[in-house]
Amino acid sequence: MTQRLNITNGDSAAGTLNEAGVEGKIISWRDVLHEGPVDSSLSLEELSSQRARFIAERRWDDFAHVSGDFAERDRVLQHLDYFDDVVLWFEDDLYDQLQLIQLLDFLSRGAARGKTISLIQVDGYIPPLSAPKLKELDEKRSRVTSEQFDLARRAWKAFGSEDPAAISRLLDEKTSALPYLAAALGRHLEEFPAVGSGLSRSEREAITAIEEGHVTPVAAFLEVAKKQTSIFLGDIIFYSYLERLSGRKNALVTWKDGSAVVSPTAQSAREFVDGELAVTPLGRDVLAGKRDWQTINTQTRWLGGVEIAPGGKGWRWDASERVLLNQTGAKRKPRKATVKKGATRPSRRKK
């Protein structure tokens with residue numbers, strides 16, 4: 001009898017596949033790769049350890065729990081002898097596309113030799129899909145091609161490189177083998193500090209949402225989600241952005257009483273989501289481009305393989321030209337990604 005392994009983005013999607021009666025073992029990948037360091041030159045075990053430490057340091061999960069989850073996930077992937085078929089179920093957004101290229105990169109390097117690797121990509125969310133629709137997608141699934149493996153390897157290497165211009169170079173090439181990848185990586189580049197304000201797109205949209213009257217963390221999160229072509233950002237990560245924009249000195253966002261915003265714990269979650277936020281005068285100046293957040297901010301941020309240190313130098317995103325600039329002013333302009341237009345989908349939690 002053929003044994004099958006299904007891999008998808010997170011617990012919600014995994015639960016949906018299980019309830020729909022999808023055949024075989026189902027595991028969740030879970031990692032929020034668009035935030036924090038990702039060194040694509042590391043082995044799977046080494047990278048999982050790096051990611052678990054980062055997630056624990058950010059207080060998004062307990063280290064023992066997340067490292068144990070990653071270890072179990074990795075053990076399944078490294079011992080595929082039991083399985084004949086591996087089916088990848090992923091969505092169109094940045095969160096999923098990064099997981100997908102990581103998996104395809106790993107599977108292309110011999111781990112799945114002799115196995116049938118298939119891919120199901122959903123333009124939208126997996127959890128709302130009905131059992132008949134999931135069965136239809138399953139029956140129509142296509143085998144991963146050599147072109148898809150090759151593109152994923154190059155994309156994963158570029159994403160985990162210390163040179164983000166590698167992503168721009170990749171986007172200058174044909175990426176239709178993975179039809180949602182270009183738009184996802186283009187959204188990733190928008191998280192680099194903007195020319196002028198020094199804000200990432202997510203930071204700019206968060207401050208704008210609060211300034212426009214969406215003053216609770218939940219309201220601001222939902223407003224920012226509406227502006228995404230493909231929603232990738234979970235609420236826990238968004239709240240960490242609010243914390244980064246706050247602080248005791250030079251805050252751009254505070255609580256209404258002027259106190260610093262700190263991401264919630266399980267014990268403080270209700271108080272946090274019901275609180276009211278305010279944009280400071282400095283926050284308004286940064287939003288208007290009168291001040292540069294990168295020259296004020298004291299925290300380092302990692303986007304893939306790139307460390308974004310405080311200061312006026314480093315990589316910048318020119319939103320008007322859609323060009324990535326380095327500290328010497330050299331430009332890398334990615335090919336414009338083709339994205340589908342349509343109604344905005346509701347927000348979701350990815351973790």
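The chain is numbered in sequence order, starting from 1.
- At distances below 3.5 Å, at least one donor-acceptor pair connects side-chain atoms of Ser246 with backbone N or O atoms of Val253.
- In this structure, Tyr239 has its ring center at least 6.0 angstrom away from the ring center of Trp60.
- Residues Ile7 and Leu77 are in side-chain contact: their nearest non-hydrogen atoms beyond the backbone lie under 4.5 Å apart.
- Side-chain atoms of Arg316 come within 3.5 Å of backbone atoms of Ala194 as a donor-acceptor pair (strictly under, hydrogens ignored).
- Applying the side-chain hydrogen bond (donor to acceptor under 3.5 Å, both in side chains) test to pairs two or more places apart or on separate chains, those with a residue in residues 36-53 are Asp31-Arg51, Asp39-Ser41, Ser43-Glu45, Ser43-Glu46, Glu45-Gln78, Ser48-Arg73, Ser48-Asp74, Ser49-Arg53.
- A salt bridge does not link Asp318 to Arg322: none of the charged side-chain nitrogens sits closer than 4.0 Å to a carboxylate oxygen.
- Put simply, the side chain of Thr8 never gets that close to the backbone of Gly10: no donor and acceptor are under 3.5 Å apart.
- A donor-acceptor pair under 3.5 Å links the side-chain atoms of Glu91 to the main chain of Ile126, judged by distance alone.
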What do the steps show when you test Glu35 against Trp302 for side-chain hydrogen bond (donor to acceptor under 3.5 Å, both in side chains), and what is the final call?
CA-CA 7 Å; Glu35 194 66 32; Trp302 283 85; over 6 Å; no

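- Remark: the backbone N or O of Ile210 is not paired with any side-chain donor or acceptor of His214 at under 3.5 angstrom.
- Taking the charged nitrogens against the carboxylate oxygens, Asp138 and Arg141 do have a contact shorter than 4.0 Å, which makes a salt bridge.
- Residues Gln228 and Arg187 bring a donor and an acceptor atom of their side chains to less than 3.5 Å of each other.
- Separation of the Phe83 and His79 ring centroids does not fall under the 6.0 Å cut-off.
- In this structure, CG on Leu94 lies 10.0 Å from CD on Gln99, to the nearest 0.5 angstrom.
- In this structure a side-chain-to-backbone donor-acceptor pair under 3.5 Å is present from Ser197 to Leu199.
- Asp84 places a side-chain N or O within donor-acceptor distance of the main-chain N or O of Gln3, the cut-off being under 3.5 Å.
- The side-chain heavy atoms of Val144 and Ser118, taken from C-beta on, include no pair separated by under 4.5 Å.
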Worksheet item: Are Trp255 and Phe272 close enough, and set up right, to give a ring pair (Phe, Tyr, Trp, His ring centres under 6.0 Å), and what steps lead you there?
Response: CA-CA 10 Å; Trp255 291 118; Phe272 181 89; 5.3 Å; yes

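- The shortest distance between side-chain heavy atoms of Trp89 and Val22 falls below 4.5 Å.
- For the pair Arg301 and Tyr241, the cation sits on the ring face: its NZ or CZ lies under 6.0 Å from the ring centre, inside 45° of the axis.
- A distance-only check finds no donor-acceptor pair linking the side chain of Lys25 to the backbone of Asn6 [under 3.5 Å].
- The backbone N or O of Ala177 lies less than 3.5 Å from a partner atom in the side chain of Gln148, making a donor-acceptor pair.
- For the pair Asp93 and Ile231, the minimum side-chain heavy-atom distance is 4.5 Å or more.
- The distance from the CZ atom of Phe192 to the CD1 atom of Ile167 is 6.0 Å, given to the nearest 0.5 Å.
- In this structure Arg113 satisfies the salt bridge (Lys or Arg N to Asp or Glu O under 4.0 Å) test with no other residue, sequence neighbours excluded.
- Between Glu173 and Arg154 there is a salt bridge, since a side-chain N of the basic residue sits under 4.0 Å from a carboxylate O of the acidic one.
- Side-chain contact between Thr300 and Ile308 is absent, with no heavy atoms from C-beta onward closer than 4.5 Å.
- A heavy-atom distance below 4.5 Å is found between the side chains of Ile296 and Arg291.
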Could you give me the CA-CA distance, side-chain angles and deciding distance for Arg153 and Asp150, then say whether salt bridge (charged side-chain N to carboxylate O under 4.0 Å, His left out) is met?
CA-CA 5 Å; Arg153 280 194 299 268; Asp150 178 68; 3.8 Å; yes

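- With rounding to the nearest 0.5 angstrom, the OH atom of Tyr82 is 14.0 Å from the CZ atom of Arg4.
- Distance check: Ile120 CD1 to Glu136 CD gives 11.0 Å after rounding to the nearest 0.5 Å.
- Here the side chain of Glu162 pairs no donor or acceptor atom with the backbone of Gly305 at under 3.5 angstrom.
- With hydrogens and angles left out, the side-chain atoms of Asp257 and Ser259 include a donor and acceptor closer than 3.5 Å.
- Atom CG of Asp61 is separated from atom OG of Ser67 by 9.0 Å, given to the nearest 0.5 angstrom.
- Annotation: side chain of Phe232 is not in contact with side chain of Leu98 (no heavy-atom distance under 4.5 Å).
- Considering only heavy atoms from C-beta on, His188 comes within 4.5 Å of Phe159 through its side chain.
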Go through the steps to decide whether Phe238 and Leu222 satisfy the test side chain to side chain contact (heavy atoms under 4.5 Å, CB included), and finish with yes or no. CA-CA 10 Å; Phe238 178 78; Leu222 293 175; over 6 Å; no

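- Using modelled atom types and a 3.5 Å distance limit, the side chains of Glu191 and Ser202 yield a donor-acceptor pair.
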